[in-house]
Amino acid sequence: MEIFDQKLSVIRRKGILTVPKYNPAEIEPRWQRFWAENKTFKTPEEATGEKLYVLDMFPYPSGDGLHVGHPEGYTATDIVARQARMEGKSVLHPIGFDAFGLPAEEHAIKTNTPPRVSTERNIKNFVRQLKMLGFSYDWDREISTTDVAYFKWTQWIFLVLYDTWFDHEQQKGRPIAELPIPEDVRAEGETVVRTYQDEFRLAYQSNALVNWCPALGTVLANEEVSDGLSQIGGHPVQRMPLRQWMLRITSYADRLEKDLDSVDWSDGIKKLQRDWIGRSTGAEVDFFVGSEDDMSDWKAVRGQTGFPRKPSSEVLRIYTTRPDTLFGATYMVISPEHELVQSLTTTARKAATEAYCEAAAIKSDRDRQDEKRTKTGVFTGSFAINPINGKQIPIWIADYVLASYGTGAIMAVPAHDGRDFEFAKMYQLEITPVIKPPAKADVDVEAVLAGKKCFLGNGNGINSNQYDGLETQEFKTRIIADLEQSGVGRAAVNYKLRDWLFSRQRFWGEPFPILHEIDGHGIKTGMMRAVEVTELPIDLPYIEDFKPHGRPEPPLEKADDDWLYPVIDGVKYKRETNTMPQWAGSCWYYLRFIDPHNDQAFVDPGLEKQWMPVDLYIGGAEHAVLHLLYARFWHKVLYDRGYVHTTEPFQKLVNQGMILGDVEFTGYRNTDEKWVSADQVSEDENKKFVLEADNSLVHLVKLDPEQAEKRDDGFVLKSDPSIRIDSRAYKMSKSRGNVVNPDEIVADYGADSLRLYEMFMGPLEQAKPWSMAGVNGVRNFLDRVWRMVVDEKNEEFAVNPAITDDEPSDAQLRMLHKTIKAVTDDTHSLDFNTAIARMMEFVNYFTKEAKRPRELMSQFILLLSPFAPHIAEEIWKLLGGADTLAHESWPKYDEALTVDSNVEIPIQILGKVRSKIMVPRGLSKDDLEAAAMANEKIVQQLVGKHVSKVIVVPDRLVNIVAN
RNA sequence: GCCGGAGUGGCGGAAUUGGCAGACGCGCAUGAUUCAGGUUCAUGUGCCCGCAAGGGCGUGGAGGUUCAAAUCCUCUCUCCGGCACCA
């Protein structure tokens, strides 16, 4: 507030408030009202001509309001949208709110208000702030995922998922009615057929191990857990078996990976998604568990029947990416949760394995990792037979094998797998090398061959009978073919991606449109049915107490019987009481924006064709995997079922970089309050700062920039240059107290300054530190723009006397056309920082000109308008423009006027600039060389030297090689 | 540990993709205007030597390719972000 207040108070004191100084506090709300009243940014009904769908990742309306990170992406899209409208494109630029989910509910619990009330209040505040920043959204299309009219269609899409199975042959989702039913299943009757169908649906229930978070009172998706802690709140998460809704995203893993090729996203984000999907190829192999005598019988049968779809009870099935190391498998490991744990454990080993598995079950993921990965395990007492060489090998249980990946069991090849190697060392298990490292590999080949070192790379087979000498790739192909031939193995693909755990035990989410059949005693029969589409939406019931309670029954269990037990055709059902996770609403909101008020369909097919795909999608990188993967999955299902016409929803994706707090200087003092050099301080495990030398505690002291001084490659204390200090920008956080509030910036400098500053800070995708001085800098620029056109000395709001209707000079015209070209190109390529720099150069030039042609000023104002729309509208009107400039044509430039007629050419001798000459643009190579060689300074410099070569690049430089 | 991204003045950052390093902004300095200034205007501002003309050095570090390297290659250091026993 200070700066602005001071300026105003000075003006007020002098009683000359009428003086037309640039005053955003007055201008900006006025224009915002104008745009709202005139619906200036209404989306055209039909997308005629070229269309552009520019989308922001819609915000989660937290109680804290916008932080300065939001307007960064929003300003970028707003500039693109405003420019595109002026270029005559049909623009769809909407906004909405992602308002379901945990944080809203946590907040509701804390403040003891129903989530709908606090959510609506928060949205109101967000809308106020967004409007205050002058974004050109079509407010008629505002949506919230919590609106009943919206989540009706979220529920409808869930029913589409429920009604779809994935046909792996066609790689396509199809209606469940088209699922082929095997004769034997059909023969068993209706109930069995329905159960069979339920096994194939994209939305299904499963009793899998889930991430249960007692503190949040809900299960969480794998993606929402990191380091064994919930991403929201950082609470510990346990694994426990619970019946949950899952979405079969793994069926789409291949397409989710392949289709990344077709979208315009950064390589970094694509890689993040690919890694998350984590596709790997290898083989599944069955190891016979039994006596060596029965082994040959088993092999004979397998040779006949081939490899069965599901493993029979006498085998242990494993997955490996290295079937070429099969001869090196010296033991096997199953996870503690593996279904064969009991049957494989011998009586003698029972106590030991039970103790181990129990311990593993109680351990949270967090605890498992805390043990610094020292491998533990226990022998089952059983042996399996390696199908390739008939060798008996022991079967172990260890928690370094995950139940949820592959088959939950592995063949251990300690010679060529780091984890197996470590485990084998620990328990003195056999190590048999089967790969000879290539000569160029950077390893101790002798040690590898002696089983003393582990080698992970490719090489040539050894100790592998008929495969000896084969190179890894060749080896894999051959052995997989042979395994398939003999029916003991087959090629297989695996993904790190797991099916998506889709239900939550919370109140504030979309209810599932699913009914469970119950018998006369109120017990679920296991049969369920979808709510009829005509019965949608299923609204949340009113519940007095919606708080979670640390037990897995959802809060909706406490709903009234009316809601909980509907009766249809005389049959009593119980509603599903889990709710959907926050991601549900954000999986398809971009489609709803196209047709937000349609109550007949989630989107009109004709409109969908006109507007999809999203041409530009901007948001934070924190959504690089979760939201984007989920939304792409839903979109593909909708595509398969014919509801949308593109395979991918978001054509171009840009992630804005994080805005960090202002740069801070920090020094350290020891317990005696003596300064300690920062390079001797480090953080210990408890995040405490200690002196490296003796681990004694030191504390952090925030320093004023005045106390710091640059020395070599860092900063030191001015008062004692032997003390080094840290200088860094930190992530904004309440605890650090470096959060910048957009409301305050708008009050102090104006919305246009905030917009302009955030775009001027640096490249959009880069992390950048905030600087108040920088905001002041762009405000100065807008002040200069104002004075360039407005007469500040006049008491009326009038144009500056320098504004003329005279013809512009050649130099002025070139300045304008250069600026138009640069701003146009830079804006298209999202290089907003350099676009603004070019506009600053324009203003620097014209404020020095005594005559400023009106037409040139108008053209410039149009260029400025997407960046700083309020001041631009105001000046546009003063210059005689009508109504609003929002739909004026974007300025065009004459290519011939974007270059100067003369160019300055540096002349180098051995790469060092020795002179410069002015020559006409386009001067020929020979003429340029002659001009350079004739230059006085060059002639002097070349005295006594021999010119061996002259490099001439027309319009650029001359380099003389002389010595 | 693995995978990404980045290192350029006191600071944020530019650099037509191999062609004058430091555009633009902040900061700082000097001067003018002003009762006053976090006003406005003008000039200067990478570092070192020099009164100057001029010269030398300079894009994290070391080497290389080239007439020419912030940009390409090899090695290396630092910082930021993500993933983390996925067989």
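Proteins get letters first, then strands, A, B, ... in listed order; numbering begins at 1 in each.
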Suppose you measure atom [atom1] in [N] against the same atom in [M]; what distance do you get, rounded to whole Å?
{"N": "B/rG4", "M": "B/rC75", "atom1": "P", "answer": "15 Å"}
{"N": "B/rG58", "M": "B/rU8", "atom1": "C1'", "answer": "10 Å"}
{"N": "B/rG9", "M": "B/rG60", "atom1": "P", "answer": "8 Å"}

* Asked: Mind checking what makes ring pair (Phe, Tyr, Trp, His ring centres under 6.0 Å) contact with A/F423, not counting sequence neighbours?
  ->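 If we apply the ring pair (Phe, Tyr, Trp, His ring centres under 6.0 Å) test to A/F423, skipping adjacent residues, the hits are A/Y331, A/W396, A/Y400, A/Y427.
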* Report the residues that fulfil ring pair (Phe, Tyr, Trp, His ring centres under 6.0 Å) with A/F842, sequence neighbours left out, ordered by chain and then residue number. =>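 Ring pair (Phe, Tyr, Trp, His ring centres under 6.0 Å) list for A/F842, sorted by chain: A/F846, A/F860.
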Taking only nitrogen or oxygen atoms into account, show me every contact under 3.5 Å that the protein makes with nucleotides 16-20 of chain B, one pair per line with its distance.
residue : atom : partner : partner atom : Å
B/rU16  : O2   : A/R956  : NH1          : 3.4
B/rU16  : O2   : A/R956  : NH2          : 2.6
B/rU16  : N3   : A/R956  : NH1          : 3.3
B/rU16  : N3   : A/R956  : NH2          : 3.1
B/rC20  : O2   : A/K916  : NZ           : 2.4

Can you give me the N/O atom pairs linking the protein to nucleotides 11-13 of chain B at distances under 3.5 Å, or say none if there are none?
residue : atom : partner : partner atom : Å
B/rG12  : O2'  : A/M761  : O            : 2.7
B/rG13  : OP1  : A/Q766  : NE2          : 2.7

* Asked: Would you say A/Q273 reaches B/rG82's phosphate, i.e. side-chain N/O to OP1/OP2 under 4.0 Å?
  ->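 Checking A/Q273 against B/rG82: no side-chain N or O falls below 4.0 Å of OP1 or OP2.
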Less than 4.0 Å between a side-chain N and a carboxylate O, is that true for [Y] and [X]?
{"X": "A/D267", "Y": "A/K271", "result": "no"}
{"X": "A/R838", "Y": "A/E841", "result": "yes"}
{"X": "A/R787", "Y": "A/D783", "result": "no"}
{"X": "A/E895", "Y": "A/K821", "result": "yes"}
{"X": "A/K818", "Y": "A/D900", "result": "yes"}
{"X": "A/E758", "Y": "A/K768", "result": "no"}

* Please determine, for the side chain of A/V961, which listed nucleotide (B/rA14, B/rA42, B/rC67) has the closest atom? =>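 So the side chain of A/V961 is nearest to B/rC67.
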* What's the closest nucleotide to the A/E841 side chain, out of B/rA42, B/rC3, B/rC24? ->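 Ranking B/rA42, B/rC3, B/rC24 by closest atom to the A/E841 side chain puts B/rC24 first.
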* Asked: What pairs meet the ring pair (Phe, Tyr, Trp, His ring centres under 6.0 Å) rule with one or both residues in residues 770-794 of chain A, with sequence neighbours excluded?
  ->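 Listed by first then second residue: A/Y22-A/W786, A/Y757-A/W770, A/W786-A/F797.
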* Asked: Pick one for B/rG9: is it syn, with its angle within 90° of 0, or anti?
  ->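 Nucleotide B/rG9 adopts syn.
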* To do: Report the glycosidic orientation of B/rU66: syn if within 90° of 0, anti in every other case.
  =>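 Anti, which is what one calls it when the glycosidic angle falls more than 90° from 0.
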* So what does A/G278 touch, heavy atoms closer than 4.0 Å: a base, only the sugar-phosphate, or nothing? ->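 The answer is nothing, as A/G278 stays clear of every strand by at least 4.0 Å.
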* To do: Select base, sugar-phosphate, or nothing to describe what A/N844 touches, counting heavy atoms under 4.0 Å on all strands.
  =>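 Sugar-phosphate contact only - A/N844 comes under 4.0 Å of backbone atoms but never of a base.
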Considering every strand shown, what is the Watson-Crick or G-U wobble mate of [N] when both distances are under 3.5 Å?
{"N": "B/rC79", "value": "B/rG5"}
{"N": "B/rC20", "value": "none"}
{"N": "B/rC26", "value": "B/rG10"}
{"N": "B/rC35", "value": "none"}
{"N": "B/rA15", "value": "none"}
{"N": "B/rC72", "value": "B/rG64"}
{"N": "B/rG50", "value": "none"}

* Tell me the salt bridge (Lys or Arg N to Asp or Glu O under 4.0 Å) pairs involving residues 319-328 of chain A, sequence neighbours left out? ->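 For residues 319-328 of chain A: A/R322-A/D324.
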